[in-house]
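Before any comments, here is the structure.
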Amino acid sequence: MFTQNYTAVADSLGWSALIAVIPIIYFIWALMFKKMKGYVAGLTTLIVALLLAILFFKMPVGTAIMAASQGAVYGLLPIGWIIITSVFLYNVTVRTGQFEIIRHSVLSITEDRRIQALLVAFSFGAFLEGAAGFGAPVAISAALLVGLGFNPLYAAGLCMIANTAPVAFGAIGIPITAMEGPTGIPALEISKMVGRQLPLLSIFIPFLLVWIMVGFKKTWEVLPAILVSGITFAITQFLSSNFLGPELPDVLSALVSLLALAIFMKFWKPKTIYRFKDEQLMINQKNTSYTSGQIFKAWSPFIILTAFISVWGIPTIKSALTGHYEGTNLALTVMNKLGQWLTFTPEVPLVHEKILDGMTNVPIAAVYKLEVLGAAGTAILLAAIVTKFIFNVSWKEWFAILGQTANEIKYPLLTICAVVAYAYVVNAAGMTTTLGLILAKTGALFPFFSPILGWIGVFITGSDTSANVLFAKLQQVTANSVGMDPVLALAANSSGGVTGKMISPQSIAVAAAAVGLMGRESELLRFTIKYSIILLLMVCILTFLQSNVLSFMIP
């Protein structure tokens, strides 16, 4: 039995935190300065984490290795499965020539690249985040931008930054609802508070996206479109999070923003159409026309995808797909039986209930969670199967495209498995909690540092949900001890966490895989890290002000 010890190094929380932060520093150094390929940086970071967990935090060798195996399996399912199926669906549309029609339909709304980024990266990406999460938004929206002619690095980077606004309410609100259990605070109360923080970022992010692309002068040219996109999203996000709960803010905000901007573009045009440097004019586009039926057919894979992942996200159906439905509905009962057959949760040897939580001394459960039917990637695969019949693709060609897709992203999959394995090792060893505890020592300044806990959690785990579960109780207890409203602290954990998503090793690997940047993950990290820090500081300052000056904003 291994008991987590948060002061394992020299019986000091400070020295222990210094050791615990080494894998994070190493990973950033490996990518940004050493410019290692993603899978090399991921694997060596895993090795560093294993050595530190074993040598300094006294974790048994077998326990550390098996904790890594649990993370690697999770990296394959559900995360890796989403990437394979998302890129596969996109590749099917390209191979069949249908993506040219999709491209034309977007250009018919606007040929301006700035507006295209707002439509696809910000609005459509947010919709996918709300319906599916787990990497699907960046993978699909970035692939779409590349297909439209965006530089792969910019496509991936812009989509990762755009994904900041919706992450806290992703996957039908799971990051928020996950905090209710360990804290006892109603999810609606946390949702209200997050909904009084993130809308301020949601207004700013469309401006930031365009500014990154073209600079201030050309951003000012499309300010009306930016305001329509950001303000409609922010208002809907505030209203839905405060009056409906955490489940629908992303879906509703994305749809309102997307429709508002598309309609606005019917009545307003920028003075100049921005195209990329050396990009040829779309002469052929003016001589090409497609019927509404052809356009609908070309978009059908993504319409079907949206339908499937939306259904997969409905809590009742999700419970049936994973074999946990307890109702009497016949269809759901049949689905539940199938879900039971395709859900596997074997215990992780040497880890399951072999680790005692350092705070509660309660054994921690650890299983290999293989929800084959309930995974979002399975919903995307079903969309690809339906697409096969719509596009009249032979099974031979369908499987050939699937095989080529798997071959293309084998190294990103290795990266994902390695970095998730690293996350599981440092969590099991107690190293992540050690970092949280050192930040909790900041006393009266804790409201400023509270979002950093979420940022660290998402950087390590790649998931706002995981970061919220990891630090929710710590945030609540610390907030009560320093006189901070615990609801604000929990919201800060989630809001701060979303700013770390764009630099998380998992997210970088996913984005690189989606746009063919294998081996160039270091460029992607350098692209996003400064914006991650800027947005984090904004959340830190806002949280500090809400705790001390703007307390009327707390529900």
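In this chain, residues are counted from 1 in sequence order. Since we're looking at a predicted model, the values are computed, not measured. Values below: all heavy atoms of this structure, side chains included; hydrogens, waters and symmetry mates excluded.
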Practice prompt. List the steps and the verdict of side-chain contact (heavy atoms from CB on, under 4.5 Å) for V120 and L158.
Written response: CA-CA 10 Å; V120 177; L158 291 174; over 6 Å; no

Worksheet item: How far does CD1 of I28 sit from OG of S522, to the nearest 0.5 angstrom?
Response: 13.0 Å

Worksheet item: For the side chain of S202 and the backbone of A234, is there at least one donor-acceptor N/O pair under 3.5 Å apart?
Response: no

Worksheet item: Quick one: are K501 and T164 in side-chain contact, heavy atoms under 4.5 Å?
Response: no

Worksheet item: Quick one: does P270's side chain get under 4.5 Å of R114's, heavy atoms only?
Response: yes

Discussion item. Do I503 and F459 have side chains that approach each other closer than 4.5 Å (heavy atoms only, starting at C-beta)?
Written reply: yes

Practice prompt. Please answer whether the main-chain N or O of T291 pairs with a side-chain N or O of Q294 as donor and acceptor at a distance below 3.5 Å.
Written response: yes

Item to complete: Applying side-chain contact (heavy atoms from CB on, under 4.5 Å), run through K192 and L188 and close with a yes or a no.
Response: CA-CA 6 Å; K192 288 178 180 179; L188 179 59; 3.9 Å; yes

Discussion item. Has S257 got a side-chain atom pairing as donor or acceptor with S253's backbone, closer than 3.5 angstrom?
Written reply: no

Discussion item. Please determine whether a side-chain nitrogen of the Lys or Arg among E221 and K271 lies less than 4.0 Å from a carboxylate oxygen of the Asp or Glu.
Written reply: no

Item to complete: For salt bridge (Lys or Arg N to Asp or Glu O under 4.0 Å), just list the numbers for R520 and E523, CA-CA rounded to whole Å, side-chain angles, deciding distance to a tenth of an Å, and then say yes or no.
Response: CA-CA 6 Å; R520 297 174 59 190; E523 297 176 45; 2.9 Å; yes

Worksheet, complete the sentence: Closest non-hydrogen contact found for A262 with L119 is N-CD2, 4.4 Å

Practice prompt. Among I212, L118, T219, find the residue that satisfies the side-chain contact (heavy atoms from CB on, under 4.5 Å) test when tested with F207.
Written response: T219

Worksheet item: Just checking, is any N or O donor in the side chain of E129 or N163 under 3.5 Å from an acceptor N or O on the other one?
Response: yes

Worksheet item: Rounded to the nearest 0.5 Å, how far apart are CD1 of I390 and CD of Q98?
Response: 10.0 Å

Discussion item. Walk me through whether Y26 and K34 qualify under side-chain contact (heavy atoms from CB on, under 4.5 Å).
Written reply: CA-CA 10 Å; Y26 172 82; K34 196 64 175 175; over 6 Å; no

Worksheet item: Going from SG on C540 to CZ on F449, what distance comes out if it is rounded to the nearest 0.5 angstrom?
Response: 8.0 Å

Worksheet item: Any side-chain heavy atom of Q404 within less than 4.5 Å of one from F88?
Response: no

Practice prompt. Check step by step if side-chain contact (heavy atoms from CB on, under 4.5 Å) holds for R113 and L148.
Written response: CA-CA 9 Å; R113 298 303 197 174; L148 289 170; 3.9 Å; yes

Item to complete: Check whether any side-chain heavy atom of L258 sits under 4.5 Å from a side-chain heavy atom of F127, and report yes or no.
Response: no

Worksheet item: Minimum heavy-atom separation for G195 to S241, with atom names?
Response: CA-OG, 3.2 Å

Discussion item. Within the structure provided, determine whether L524 and M160 are in side-chain contact (heavy-atom separation under 4.5 Å).
Written reply: yes

Worksheet item: Counting only heavy atoms not in K530, do more than 12 fall under 6.0 Å of its NZ?
Response: yes

Discussion item. Using modelled atom types and a 3.5 Å cut-off, is there a donor and acceptor pairing between side-chain atoms of S507 and backbone atoms of M502?
Written reply: no

Worksheet, complete the sentence: Rounded to the nearest 0.5 Å, the CH2 atom of W268 sits from the CG atom of L261 at a distance of 9.0 Å

Item to complete: Working to the nearest 0.5 Å, report the span between CG of L525 and CZ of F27.
Response: 6.5 Å

Worksheet entry | Pairwise side-chain contact, W299 with I101, heavy-atom cut-off 4.5 Å (strictly under) | no

Worksheet entry | Rounded distance (nearest 0.5 Å) linking atom CZ of F264 with atom CG of L227 | 8.5 Å

Which pairs would a plain distance check flag for residues 547-555, meaning a side-chain donor or acceptor within less than 3.5 Å of a matching protein atom at least two apart in sequence or in another chain?
from: N548; atom 1: ND2; to: F544; atom 2: O; distance (Å): 2.8

Worksheet, complete the sentence: Between V194 and P199, the two heavy atoms sitting closest are O-CD, 3.8 Å

Item to complete: Would you confirm whether S229, through its side chain, and A225, through its main-chain N or O, come within 3.5 Å as a donor-acceptor pair?
Response: no

Practice prompt. Say whether Q475 and S450, considering side chains only, have a donor N or O and an acceptor N or O under 3.5 Å apart.
Written response: yes

Discussion item. Give me the atom names and distance for the closest heavy-atom approach of D464 to N493.
Written reply: OD1-O, 4.2 Å

Response to the item:
All heavy atoms of S494 vs all of A168, minimum pair found to be OG-CB, 3.5 Å

Discussion item. Check the orientation of F276 and Y274. Use parallel for under 30°, tilted for 30 to 60°, and perpendicular for over 60°.
Written reply: perpendicular

Worksheet item: When you look at CZ of F391, are more than 12 heavy atoms from neighbouring residues, nucleotides or ligands closer to it than 6.0 Å?
Response: yes

Worksheet item: With side chains defined as the heavy atoms from C-beta onward, is the minimum distance between F204 and L200 less than 4.5 Å?
Response: no

Pairs of donor and acceptor atoms involving the side chains of residues 532-539, under 3.5 Å and at least two apart or interchain, shall be tabulated with distances.
from: S532; atom 1: OG; to: W455; atom 2: NE1; distance (Å): 2.9
from: S532; atom 1: OG; to: T499; atom 2: O; distance (Å): 2.6

Response to the item:
Looking only at heavy atoms, the pair that brings I508 and E521 closest together is CG2-CB, 3.7 Å

Worksheet entry | With Y154 via ring-ring contact (aromatic ring centres under 6.0 Å, His included) - residues at least two apart | F527

Practice prompt. May I ask you to check whether Q546 and Q197 show a side-chain donor-acceptor distance below 3.5 Å?
Written response: yes

